[in-house]
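Inspection log for the structure reproduced underneath, given as structure tokens.
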Amino acid sequence: METNNLHIYNTLSRKKQKFEPIKPPFVGMYVCGPTVYGDSHLGHARPAITFDLLFRYLKYLDYQVRYVRNITDVGHLENDADEGEDKIAKKARLEQLEPMEIAQQYTNSYHHNMQQLNVLEPSIEPHASGHILEQIAMTEKILEAGFAYESNGSVYFDVAKYSKTNDYGKLSGRVLEDSIANTRQLDGQNEKHNNADFALWKKAMPEHIMRWHSQWSEGFPGWHIECSAMSTKYLGEEFDIHGGGLDLMFPHHECEIAQTKAANGKDSVKYWMHNNMITIDGQKMSKSLSNFITLDQMFTGSHKLLDKAYSPQVVRFFILQAHYRSPLDFSNKALSAAEKGLERLMIGVKTLSKIKPSETNSFDIESFRKKCFEAIDDDLNTPVLIAHLFDGIRAINSANDGKESFTTAGISEMRNLFDTFIFELLGLKNENETNSKLDDNSENNLMELLLNMRIEAKQNKNFALSDKIRDELVKLGYQIKDKKDGFEWEKSN
RNA sequence: GGUCACGUGGCCGAGGGGCUAGGCACCGGUCUGCAAAACCGAUUACAGCGGUUCGAAUCCGCUCGUGACCUCCA
């Protein structure tokens with residue numbers, strides 16, 4: 001086992017801090033999952049992959065990790081004229097389907113997309129709709145503690161009162177007075193004591209389909225309480241890591257902090273982590289701007305901004321080539337650069353098994369190993385990690401050309417490091433290999449046959465024929481590499 | 001308007017006071033019948049203007065530009 005030297009950037013302190021679990025060897029981790037009222041898009045892929053990487057690394061470090069990622073299927077407020085209406089309910093009426101049917105449909109497609117991206121399943125994936133009781137119970141606790149009030153069947157969190165004894169805004173760096181001055185007119189604003197107050201329980205309007213019974217009204221839980229209720233239920237009153245997109249920092253996470261503290265009497269989260277956004281032409285990709293590319297569109301190329309399809313692994317690699325706290329701008333150029341880079345990486349890994357062992361190692365494997373761990377330990381710096389991996393690939397390619405050398409032990413060490421970093425931690429997989437498994441043998445035999453014929457043609461100086469065989473195979477998606485003592489071929493996408 | 005980020009070579013992206021990633025593209029070379037692949041090499045940077053410093057892409061200030069949050073969002 002590797003000694004834990006992981007440092008992560010904590011939004012609370014605005015600093016990188018050494019990661020030390022509250023109760024080792026256990027680690028509790030909560031990440032805000034998707035709202036399932038639409039297809040998952042590129043933006044959903046980023047937190048999923050970022051925290052998948054963290055999950056994988058923590059497990060690699062031998063922690064017993066419980067990773068909770070919720071499904072929001074209760075819906076949030078609209079921002080258009082349909083004020084107060086539940087988003088899922090709205091779509092349901094339009095399509096004449098049950099709200100839960102829609103939630104289920106999009107949950108399924110989210111799961112499918114995550115699987116394609118090789119994102120591991122979380123330990124627990126709680127649904128907000130399945131935890132209404134817990135949310136009501138937490139709201140009661142907050143009422144009892146005196147940090148909330150009932151108003152016309154709804155319950156609101158009393159931000160002003162809370163902030164007298166607590167630091168409301170400590171996560172986002174926001175000043176309460178500004179929030180009060182700048183809050184938009186939301187439905188039910190006149191029921192609030194204060195503009196900055198937010199709902200814990202909302203009385204349902206007549207058009208509302210999704211509703212549950214409570215002592216206050218027929219209604220639905222407020223838009224932040226689910227995460228507080230479910231994280232407390234599954235990870236306890238104190239846990240290690242809470243993650244999510246940067247756009248959730250305020251108000252969502254700020255409200256979560258306030259609610260949980262009001263209910264439980266203490267701060268619950270030790271490390272807050274936020275991934276940055278994916279932009280498209282420099283602008284945030286989001287539902288409300290309608291400039292998002294769904295993952296299905298990505299994988300099939302069916303979007304007007306896409307020159308071609310990009311495979312799930314290319315998307316994963318593209319995301320990992322930027323640091324999770326930096327914005328990442330989408331473009332075809334960047335995607336196809338990632339595609340080629342990934343191919344180079346994967347072919348390099350294969351080349352490792354072709355190297356002829358030498359007496360000595362000309363490449364400093366130990367320092368390579370160290371640099372890789374330093375990169376991932378430094379707040380999951382995957383771009384630097386990947387840069388180091390490419391240095392390793394270059395050494396391997398050079399060795400294959402006879403310009404570097406590896407011993408038998410050195411080769412297996414390199415293989416271990418690649419297995420660990422590329423496949424186990426970065427979670428990449430070689431798509432070409434898995435695709436061709438089915439017809440592996442016959443395909444192999446055919447290729448051998450054709451390429452041997454090509455060698456014969458070359459020996460007979462029949463270059464017209466040999467070039468024809470090569471060119472036709474290239475058209476069919478194979479890459480032919482001539483070697484001194486024969487040939488190699490790859491299936492390209 | 002308020003708050004907070006950011007501006008790096010043709011493109012993407014790290015780094016973060018002197019050592020100056022990596023990928024993709026382009027150019028030259030080796031190899032090849034020719035290619036491809038691989039390897040070697042070259043070129044192109046830190047928005048602008050000031051300041052601090054022996055030294056600034058890196059710190060500070062200002063200007064310009066871009067973005068995020070303040071309202072559902074990953």
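Chain A is the first sequence line, chain B the second, and so forth, proteins listed ahead of strands; every chain is numbered from 1.
Using a 4.0 Å heavy-atom distance criterion, A/Gly43 is classed as a base contact. Using a 4.0 Å heavy-atom distance criterion, A/Asp391 is classed as a sugar-phosphate-only contact. Among the atoms of the strands shown, base atoms are found under 4.0 Å from some heavy atom of A/Phe463. As judged by a 4.0 angstrom heavy-atom cut-off over every strand, A/Ile480 is placed among the base-contacting residues. Residue contacts for A/Lys461: at a heavy-atom cut-off of 4.0 Å it reaches no nucleic acid atom on any strand shown. Using a 4.0 Å heavy-atom cutoff across all strands shown, A/Gly33 reaches sugar-phosphate atoms only and no base atom.
For A/Arg394 and B/C40, the shortest distance from a side-chain N or O to OP1 or OP2 is below 4.0 Å. Distances shown here put a side-chain N or O of A/Asn397 below 4.0 Å from the OP1 or OP2 atom of B/C39. Distances shown here put a side-chain N or O of A/Lys340 below 4.0 Å from the OP1 or OP2 atom of B/A25. The phosphate of B/C6 (OP1 or OP2) has no side-chain N or O of A/Arg325 nearer than 4.0 angstrom.
Across B/G9 and B/C26, the matching C1' atoms stand 13 Å from one another, rounded to whole Å. The same atom, P, is picked in B/G16 and in B/U32; the two are 44 Å apart, to the nearest Å. Taking atom P in both B/A42 and B/C4, the straight-line distance is 45 Å, to the nearest Å. The gap from the C1' atom of B/C12 to that of B/G7 amounts to 15 Å, rounded to the nearest Å. The gap from the P atom of B/U8 to that of B/U43 amounts to 22 Å, rounded to the nearest Å. B/A25 and B/U44 are spaced 12 Å apart, taking the C1' atom of each and rounding to whole Å. Rounded to whole Å, the separation between the C1' atoms of B/A57 and B/G17 comes to 10 Å. To the nearest whole angstrom, the two C1' atoms, one in B/C24 and one in B/G13, are 11 Å apart.
There is a side-chain donor-acceptor pair under 3.5 Å between A/Asp329 and A/Thr279. A donor-acceptor pair shorter than 3.5 Å cannot be found between the side chains of A/Gln17 and A/Tyr271. For the residue pair A/Asp73 and A/Ser129, a side-chain donor N or O sits within less than 3.5 Å of a side-chain acceptor on the partner. If you check the side chains of A/Asn194 and A/Tyr156, you find no donor sitting under 3.5 Å from an acceptor. A/Asn113 and A/Asp296 are linked by a side-chain donor-acceptor pair at a separation below 3.5 angstrom, with hydrogens and angles left out of the test.
A heavy-atom distance below 4.5 Å is found between the side chains of A/Leu426 and A/Leu385. A 4.5 Å side-chain heavy-atom check between A/Asp379 and A/His323 finds at least one atom pair inside the cut-off.
Atom C1' of nucleotide B/C4 and atom NE2 of A/His274 are separated by 14 Å, given to the nearest angstrom. One can place CG of A/Asp471 at 15 Å from C1' of B/A37, the figure rounded to the nearest angstrom.
With a 6.0 Å cutoff to the six-membered ring centre and a 45° limit on the axis angle, A/Arg14 does not count as a cation-pi contact of A/Tyr9.
Along RNA chain B, the nucleotide nearest to A/Lys481 and the one nearest to A/Ser172 differ in position, and the one closer to the 5' end is contacted by A/Ser172. Remark on RNA chain B: of its neighbouring residues A/Asp482 and A/Pro47, the 5'-side contact belongs to A/Asp482, judged by nearest-heavy-atom nucleotide.
For B/A36, the base has no donor-acceptor partner in the side chain of A/Arg470 [N/O atoms by modelled type, under 3.5 angstrom]. Checked by distance alone, A/Asp467 brings a side-chain donor or acceptor within 3.5 Å of a matching partner on the base of B/G33.
Here A/Met346 pairs with A/Leu342, A/Ile422, A/Phe423, A/Leu428, A/Asn430 under the side-chain contact (heavy atoms from CB on, under 4.5 Å) rule; sequence neighbours left out. Applying the side chain to side chain donor-acceptor pair (under 3.5 Å) criterion to A/Ser331, with sequence neighbours excluded, gives no partner residue. Under the ring-ring contact (aromatic ring centres under 6.0 Å, His included) criterion, A/His274 pairs with A/His253, not counting sequence neighbours.
Across A/Gln259, A/Glu256, A/Gln135, a single residue satisfies side-chain hydrogen bond (donor to acceptor under 3.5 Å, both in side chains) together with A/Ser228, and that is A/Gln259. Just one of A/Phe390, A/Tyr57, A/Phe368, A/Phe373 meets the ring-ring contact (aromatic ring centres under 6.0 Å, His included) condition when paired with A/Phe421; it is A/Phe373.
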Toss me the dot-bracket line for RNA chain B: Watson-Crick and G-U wobble, both under 3.5 Å, 5' to 3', using | for pairs to another strand and [ ] for crossers. (((((((..(((.....[...)))..((((.......)))).....(((((..]....))))))))))))....
Got a list of protein N/O to nucleotides 8-15 of chain B N/O distances below 3.5 Å?
from: B/G13; atom 1: OP1; to: A/Asp329; atom 2: N; distance (Å): 3.0
from: B/A14; atom 1: OP1; to: A/His323; atom 2: N; distance (Å): 2.6
from: B/A14; atom 1: OP1; to: A/Ser326; atom 2: OG; distance (Å): 3.1
from: B/G15; atom 1: OP1; to: A/Asn381; atom 2: ND2; distance (Å): 3.0

Atom pairs under 3.5 Å: protein N/O with N/O of nucleotides 64-69 of chain B:
from: B/A68; atom 1: OP1; to: A/Lys284; atom 2: N; distance (Å): 3.3
from: B/C69; atom 1: OP1; to: A/Lys284; atom 2: NZ; distance (Å): 2.1
from: B/C69; atom 1: O3'; to: A/Phe250; atom 2: O; distance (Å): 3.4
from: B/C69; atom 1: O2'; to: A/Arg174; atom 2: NH2; distance (Å): 2.9

